[in-house]
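Heavy-atom basis, side chains included; hydrogens, waters and symmetry copies ignored.
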Amino acid sequence: MENFETQNVDKNIKENRKLKRKVKRLRMWIGIGCVASLLVGVVFGNMNRLNVPTRSSSMHSKLEEGLNIMTQNWYFAHEIDDVRTRLEDEALRGMTTNEEDPHTTYMSQKEMEDFFSYLNRSFVGIGVHYSATEDGLRVVQRVFKDSPAEKAGVLAGDIIHAVDGVVVANLSNQEITNMVRGEAGSVVHIDFLRNGKTVSFSITRQEIHATVFGEVRDDFGYLQIAQFGETTAKEVRLYLEEFASQNVSKLLIDLRDDGGGYLEALTGIANCLLPSNEVYFTRMYADGSVDKAYTKGKEVTGFDKIVILVNENTASASEALTLCLMEQRDDVTVVGKKTYGKGTVQVTLPFNDGSALKYTNSKWASPNGVCINGEGITPDIEVDLPDIMNTTYKRMEEGEVVEVDTVSEYALMANVSLKYLGYDVKREDSYFDESLMNALNAYKKDHGFVEDGLLDEATYTSIVSSFVHALRSNKDNDTQYAKAVEVLHG
């Protein structure tokens, strides 16, 4: 399988590098058997160009000897379950660690499963995306359309407090995710904190496809593509056809934070937005050969103005889509920040134990031959987000209290949040003055807290929840989006 690497996978690679360094002496193949089969899906590549090397089942004597020594004579071998598999995994991790290519990596069976789950954004759950703040609060950033969570009444800005009665404050993101997900048709009970109160929902889990979101806003179609997964092209086509059926001629495609994905998704989306037989990308191999990929599908017509939103996390396949539309259409404007700049293609070859080697086998370029690897795409119109959208805050522990005439990070967050929420505070720094105390009491009165002038954990958490919810709900804060809409209407 060939794929555009994603940002999250890059992070996993970095996390594994410490482990890889332990086994630099074994940076060669250790025979693990023949490749079980090629994965069918190709990410940003052409399956017909793939030449799979034959790997012998016999080991090189040097590697065999080294492995035997480590499994039989190494002092710590007896402390490790299945030490041979562990050493084989580490050898392959070491072999794929290099300064030239951070996107080539070895993945265990579990990492492979997580990788494809991430690319496809398909899972059984409730349909929310949340992020952990620096202080550990799990704040819902988005509720997926038509998801169980949306139907239950979950809102962006809600803070996950407890899952099936277990408070999540000290749990890892993976632990929380494992608790929220489960079998389709099963029920999970979740308590959220919202505006100082606890709201509880019993939500029936179902399969979630969360790569695309779309809706008609005023006189234009808004299409957000979060990832280029297996179902993305189909989802995009359905939304575009819905827009066209409503005679919507303006289109805003939001590719911010889209780290890429499958070639098939890029191909399918290009087929929707370009006429047949148009080049949508070119691919360059180490032997000097070049392939050009052409659209073949049915274009969804009727759009005469397109704005594409990008940022520093727009990468790989989403960059390829941006470039091909910029070059092959004369009605496209790109707004936002300079993109990530990933212009390589990876091939994923699985082993019979479910693990896989993912390596770079080519570079890609735009239809006109523009390479953006390490460079990114500079938007036609560059727009920054306001500082308040990047506000970070520290978690307040239970039992902590901040009072007037003190300085703290909690007072800073309270000043910023309450001012944004419309309360009369005079400062935007970390000093707890009398105006903050009065605003705090006013907030407490509005939300049923005791008006004691103290900033405690419960009140602070409530303020943070109210702030995030108001921030995310107000599209005026998204200056990049606002500029895109302005361009559409210009």
### Query
Sub-3.5 Å donor-acceptor pair from the side chain of Glu400 to the main-chain atoms of Asp456, do we have one?
no
### Task
Check whether the side chains of Asn415 and Tyr431 place a donor and an acceptor atom closer than 3.5 Å, and report yes or no.
no
### Query
Run the side chain to side chain donor-acceptor pair (under 3.5 Å) check on Thr314 and Thr339 step by step: do they pass?
CA-CA 5 Å; Thr314 301; Thr339 64; over 6 Å; no
### Query
When you measure from the side chain of Lys305 to the backbone N and O of Val487, does any donor-acceptor pair fall under 3.5 Å?
yes
#### Entry: Beyond-backbone contact of Ile225 with Thr232, side-chain heavy atoms, under 4.5 angstrom
yes
### Task
Would you kindly say whether Gln109 and Ser355 are connected by a side-chain donor-acceptor distance under 3.5 Å?
no
### Sequence neighbours excluded, every pair satisfying salt bridge (Lys or Arg N to Asp or Glu O under 4.0 Å) that has a member inside residues 481-490
Lys483-Glu486
### Task
Taking Glu111 for its side chain and Ser108 for its backbone only, find out whether a donor-acceptor pair lies under 3.5 Å.
yes
#### Entry: Gln206 side chain to Thr204 side chain, donor-acceptor N/O pair below 3.5 angstrom
no
### Message
We want to know whether Asp424 and Asn438 form a side-chain donor-acceptor pair, criterion being a heavy-atom distance below 3.5 angstrom.
### Response
no
### Residue Glu79 excluded, over 12 heavy atoms near CD under 6.0 Å
yes
### Query
To the nearest 0.5 Å, what is the distance between OG1 (Thr333) and CD1 (Ile306)?
10.0 Å
### Task
Would you mind checking if Arg237 and Glu235 are paired as a salt bridge, meaning a charged N to carboxylate O distance below 4.0 Å?
no
### Query
Does the gap between the ring centers of Tyr410 and Tyr460 come in under 6.0 Å?
yes
## Note on the structure
Of all heavy-atom pairs linking Gly259 and Ser316, the shortest is O-CB, 3.7 Å
### Message
If I compare all heavy atoms of Ala315 with all of Ser318, which pair ends up nearest, and what's the gap?
### Response
O-OG, 2.7 Å
### Query
Between the main-chain N or O of Ile372 and the side-chain N or O of Trp364, is there a donor-acceptor pair closer than 3.5 Å?
no
#### Entry: Partner of Arg256 under side-chain hydrogen bond (donor to acceptor under 3.5 Å, both in side chains), chosen from Gln224, Glu312, Gln480
Gln480
### Task
Verify side chain to side chain donor-acceptor pair (under 3.5 Å) between Asp258 and Tyr340, making sure each step is shown before the conclusion.
CA-CA 10 Å; Asp258 184 334; Tyr340 180 80; over 6 Å; no
### Query
Would one find more than 12 heavy atoms of other residues, nucleotides or ligands at under 6.0 Å from atom CG of Asp82?
yes
### Query
Given Gln141 and Tyr130, is the side chain to side chain contact (heavy atoms under 4.5 Å, CB included) satisfied, shown in steps?
CA-CA 5 Å; Gln141 304 294 334; Tyr130 71 90; 5.6 Å; no
### Message
A cation-pi test, strictly: NZ or CZ of Arg93 under 6.0 Å from the centre of the six-membered ring of Tyr106 and no more than 45 degrees from its axis. Yes or no?
### Response
no
#### Entry: Polar side chain donor-acceptor pair, Glu457 to Thr461, under 3.5 angstrom
yes
### Message
Under the ring pair (Phe, Tyr, Trp, His ring centres under 6.0 Å) definition, can you give me all pairs with a residue in residues 158-179, not counting sequence neighbours?
### Response
none
### Query
For Ala265 and Gly229, which heavy atoms make the closest approach, and how far apart are they?
CB-O, 3.5 Å
### Heavy-atom pair with the smallest gap, counting every atom of His103 and Thr360
CB-OG1, 4.2 Å
### Message
Just verifying a value: how many Å separate Phe281 CZ and Leu266 CG, rounded to the nearest 0.5 Å?
### Response
7.0 Å
#### Entry: Flag if over 12 foreign heavy atoms under 6.0 Å of CD, Glu428
no
### Query
Does Lys337 pair with Asp384 as a salt bridge, N-O distance under 4.0 Å?
yes
### Query
Among Asp219, Leu488, Asp304, which residue meets the side-chain contact (heavy atoms from CB on, under 4.5 Å) test with Ser249?
Asp304
### Query
In a check of side-chain contact (heavy atoms from CB on, under 4.5 Å) between Leu223 and each of Asp254, Leu252, Ile308, Val236, which one passes?
Val236
### Message
Within the supplied structure, the quantity of interest is the number of heavy atoms (other residues, nucleotides, ligands) at a distance under 6.0 Å from Glu434 CD; does it exceed 12?
### Response
no
### Query
Has the side chain of Ser147 got a donor or acceptor atom that lies under 3.5 Å from a matching backbone atom of Ile208?
no
### Query
Can you list the steps and then say if Asn311 with Asn313 is a side chain to side chain contact (heavy atoms under 4.5 Å, CB included)?
CA-CA 5 Å; Asn311 66 5; Asn313 297 318; 3.6 Å; yes
### Task
For the residue pair Ser417 and Tyr443, confirm or rule out a side-chain donor-acceptor distance under 3.5 Å.
no
#### Entry: Minimum heavy-atom distance Phe432-Val402, with the two atoms named
CE1-O, 3.4 Å
### Task
Kindly indicate, with the supporting measurements, whether the criterion side chain to side chain contact (heavy atoms under 4.5 Å, CB included) is fulfilled by Arg329 and Val332.
CA-CA 6 Å; Arg329 296 184 63 124; Val332 172; 3.9 Å; yes
### Interatomic distance, Leu193 atom CG to Arg138 atom CZ [nearest 0.5 angstrom]
13.0 Å
### Task
Provide the closest heavy-atom pair for Ala470 versus Asn477 in the form atom of the first, atom of the second, distance.
O-ND2, 4.4 Å
### Task
Please answer whether the main-chain N or O of Gly153 pairs with a side-chain N or O of Lys151 as donor and acceptor at a distance below 3.5 Å.
no
### Task
Could you note down all residue pairs passing side-chain hydrogen bond (donor to acceptor under 3.5 Å, both in side chains) where residues 190-201 supplies at least one of them, sequence neighbours left out?
Asp158-Arg194, Asp191-Ser200, Asn195-Ser466
### Query
Is Glu215 atom CD crowded by more than 12 heavy atoms from other residues, nucleotides or ligands, each under 6.0 Å away?
yes
### Query
If you measure from CG on Leu255 to CG on Leu321, what distance do you get to the nearest 0.5 Å?
6.0 Å
